[in-house]
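Below you'll find the structure, written out as structure tokens, and then a few comments.
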Amino acid sequence: MSTSFSFPRLIHAPKLAFRTITGSPTTEGCLPFFTKKRWFSAITLSSSPKSSEEELLMVVGGGAAGIFGAIRAKTLAPNLNVVVIEKGKPLSKVKISGGGRCNVTNGHCADNLILAENYPRGHKELRGSFFNMHSPMDTMAWFSDHGVELKTEDDGRVFPVSNSSSSIIDCLMSEAKKRGVQLQTGKVVTSASTDASGKFTIKLEKRSANYVEYVEADYLLIASGSSPQGHSLAAQLGHSIVKPVPSLFTFKIDDKQLAELSGMTLSKVKAKLKLEAAQKNIPQLTQVGPMLVTHWGLSGPVILRLSAWGARYLSSSDYKGLLQVDFVPDQHIEDVKSVLNRHKTQFPKQKLLSCPPELGLAKRLWKYMLDREGLSGDVLWASVSSNSLSSVAFLLKNCSFNVIGKGQFKDEFVTAGGVPLSEISLKTMQSVIQSHLFFAGEVLNADGITGGFNFQNAWSGGYIAGTSIGNLASSGIISQSDTKKSVTKACEMA
């Protein structure tokens, strides 16, 4: 069975000698060349004939931002060739997020100014047009319109009703296929440059084989997440990079007694992080909310938010600092003292291990507090001095923990750093340094706290970039090339 295709202009690797082999093209649309030790061939991205007026968008990264941007661009410009390059499995972060449920976005931030405050890097810049162009409500509407039923939980996190990230992945992959987006996996974009006409020459490699491709593209969207790959490409094309450091992680605590409380969830605490690197008072380094005790230290929303806002300071401090926790944030210290003294008066013959119910503390946590103060739970309330009770009250309101390192947060792997937001236009996601170069997602120096905000950054950035590229391609603003889009495959061992 014959296959109809056209051969593109060949772009070859420098210093690579080859000669033509006479023969018929394969059904993959590939014309072979060879040397003694290398394999070299020119291939097309598609086996169908191409018009000389067609343009190519190359998307680096098959994550949320890349796939969403590709779909949007192809939707607006059906004749635009859109190819997504992903070195691993597409949408891998989508699959594991939210414990495998996929925290799509956050549904409690209708006000975009409030929404922007959830981004430690970007809270000032994202107040403008960014979320106005594609908000969490727009994200929810898009998935609903494409057959994914969503639900909003009490804390604002939005999940598919199926409680499975597969619903989101299947939706995106199905829409990409429907629109004609091409996905190539197992490849890495290792370099990018521009020629005099402004087109991009992109080098792709396969790590598993001695294999290289060169692609000429009209548009380039870098949406490679926190991978050094995207930062390297951005730097090659003239951009600066803010050094990436981890964000959204748990705290390792130097306290063997605390480890005995592993698995305990505290519904509401007030936690303040003190770091030597942070000389000035930073309001965001004080957070209120749930906290979880782990076998290595502390986790939960409060800790993760502190890690995000303090990411750079923690990195500078070698992830060491002082964490002060208020276990009864809704009560003043004098009220706590009154509760303790009143309980002593009313129940003098009870053992100290019995915690006043007004404090709402778990028995294990109360025992931990007594142990920290050197008080035995077997003594009677009547035998405890007022000074000792005052010390317990102070500890409940101001319990200090030494942070000695960072742990991992399995649901999200987020970094602070990347391409500065000042080097792109947030209205288009286009570089202000290189025309037709676009960015979206975590490759930028913008990251959110936990709760669906990082995915919203990806959806919004991908949508805006895709819209910009799609409009450019469909309106013909960019001068059309008379040459066909080509890819050259080389350096494969014979």
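For the atom pair CD of Glu205 and OG of Ser191, the computed distance is 7.5 Å after rounding to the nearest 0.5 Å. Distance CG/Leu113 to CG/Asp111: 5.0 Å, rounded to 0.5 Å. Taking OG from Ser460 and CG from Asn112, the interatomic distance works out to 8.5 Å, rounded to the nearest 0.5 Å. Residue Arg101 holds its CZ atom at 5.5 Å from CZ of Arg157, rounded to the nearest 0.5 Å. Interatomic distance, Ile222 CD1 to Leu437 CG, rounded to the nearest 0.5 Å: 5.0 Å. In this structure, Leu273 CG and Leu322 CG are separated by 8.5 Å, a value rounded to the nearest 0.5 Å.
Ala393 and Val336 make their closest contact through CB-CG1, 3.7 Å (heavy atoms, listed as atom of the first residue, atom of the second, distance). When all heavy atoms of Gly230 and Ser224 are compared, the pair lying nearest together is CA-OG, 2.9 Å. Residues Leu352 and Trp366 share a closest heavy-atom pair of O-NE1, 2.8 Å. Contact detail for Gly61 and Val84: the closest heavy-atom pair is O-CG1, 3.6 Å. Closest approach of Val82 and Val59 over heavy atoms only: CG1-CG2, 4.4 Å. Closest non-hydrogen pair, Gly225 versus His231, comes out as O-NE2, 4.4 Å.
Separation of the Phe131 and Tyr119 ring centroids falls under the 6.0 Å cut-off. Aromatic pair Trp459/Phe68: ring centres closer than 6.0 Å. Checked against a 6.0 Å centroid threshold, the rings of Phe251 and Phe401 do not count as neighbours.
The environment of Lys151 atom NZ is dense: over 12 non-hydrogen atoms of other residues, nucleotides or ligands sit within 6.0 angstrom. At most 12 heavy atoms of other shown residues, nucleotides or ligands fall within 6.0 angstrom of atom CD in Glu149. Within a 6.0 Å radius of NZ in Lys270, other residues, nucleotides and ligands contribute 12 heavy atoms or fewer.
Checked by atom type, the side-chain pair Tyr368/Arg372 shows a donor-acceptor distance below 3.5 Å. Side-chain contact, Ser388 with Glu373: no donor N or O sits under 3.5 Å from an acceptor N or O. Counting only N and O atoms by type, the side chains of Ser390 and Asn387 include no donor and acceptor under 3.5 Å apart. For Gln434 and His239, the side-chain atoms include no donor-acceptor pair closer than 3.5 Å. In summary, the side chains of Ser468 and Gln430 do not present any donor paired with an acceptor at a separation below 3.5 Å, with no hydrogens or angles considered.
Formation of a donor-acceptor pair under 3.5 Å by the Asn341 side chain with backbone atoms of Lys337 is found in this model. A donor-acceptor pair is defined here as one N or O able to donate and one able to accept, closer than 3.5 Å; no such pair exists between the side chain of Thr250 and the backbone of Ser299. A donor-acceptor distance shorter than 3.5 angstrom exists from the side chain of Lys397 to the backbone of Val328, with no hydrogens or angles considered. Proximity of a side-chain donor or acceptor of Ser135 to a complementary backbone N or O of Asp138 within less than 3.5 Å is detected. The backbone N or O of Ile71 sits less than 3.5 Å from a side-chain atom of Thr75, completing a donor-acceptor pair. At least one donor-acceptor pair under 3.5 Å links the side chain of Trp381 to the backbone N or O of Lys351. Looking at Gln456, its side chain never comes within 3.5 Å of a backbone N or O of Gly448 through a donor-acceptor pair. Between the side chain of His343 and the main chain of Leu340, no donor-acceptor pair closer than 3.5 Å is present. Using modelled atom types, no side-chain atom of Asp318 and backbone atom of Lys320 make a donor-acceptor pair closer than 3.5 Å. Formation of a donor-acceptor pair under 3.5 Å by the Thr265 side chain with backbone atoms of Leu292 is not found in this model.
Residues Leu306 and Leu323 form a side-chain contact, since some pair of their non-hydrogen atoms from C-beta on lies under 4.5 Å apart. The shortest side-chain heavy-atom distance between Glu117 and Arg127 falls under the 4.5 Å cut-off. For the pair Leu304 and Leu248, the minimum side-chain heavy-atom distance is below 4.5 Å. With a 4.5 Å cut-off on side-chain heavy atoms, Arg312 and Val242 count as touching. Between Asn106 and Asn118 there is no side-chain heavy-atom pair separated by less than 4.5 Å. Residues Met429 and Leu221 are not in side-chain contact: their nearest non-hydrogen atoms beyond the backbone lie 4.5 Å or more apart. At least one side-chain heavy atom of Phe130 sits under 4.5 Å from a side-chain heavy atom of Asn457. Taking 4.5 Å as the limit, some side-chain heavy atom of Val419 sits within range of a side-chain heavy atom of Ile241.
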Open item on the list: Thr105 vs Thr139, test: side chain to side chain donor-acceptor pair (under 3.5 Å). Steps then yes/no.
Closed with: CA-CA 8 Å; Thr105 186; Thr139 295; 5.1 Å; no
Open item on the list: For a side-chain contact (heavy atoms from CB on, under 4.5 Å) check, start with the C-alpha distance between Phe347 and Ser354, then their side-chain angles and the critical distance, and finish with the verdict.
Closed with: CA-CA 10 Å; Phe347 306 99; Ser354 62; over 6 Å; no
TODO: Test Leu472 against Phe438 for side-chain contact (heavy atoms from CB on, under 4.5 Å), laying out the working first.
DONE: CA-CA 12 Å; Leu472 286 172; Phe438 297 79; 4.0 Å; yes
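Checking each of Arg121, Glu442, Lys243 against Thr415 for a side-chain hydrogen bond (donor to acceptor under 3.5 Å, both in side chains) leaves exactly one that passes, namely Glu442.
Taking a cutoff of 4.0 Å between a charged side-chain nitrogen and a carboxylate oxygen, Glu260 and Lys367 do not qualify as a salt bridge.
In this view, Ser232 and Gln236 satisfy the side-chain hydrogen bond (donor to acceptor under 3.5 Å, both in side chains) rule, not counting sequence neighbours.
Using a 30° and 60° split on the angle between ring planes, His146 and Trp142 fall in the parallel class, below 30°.
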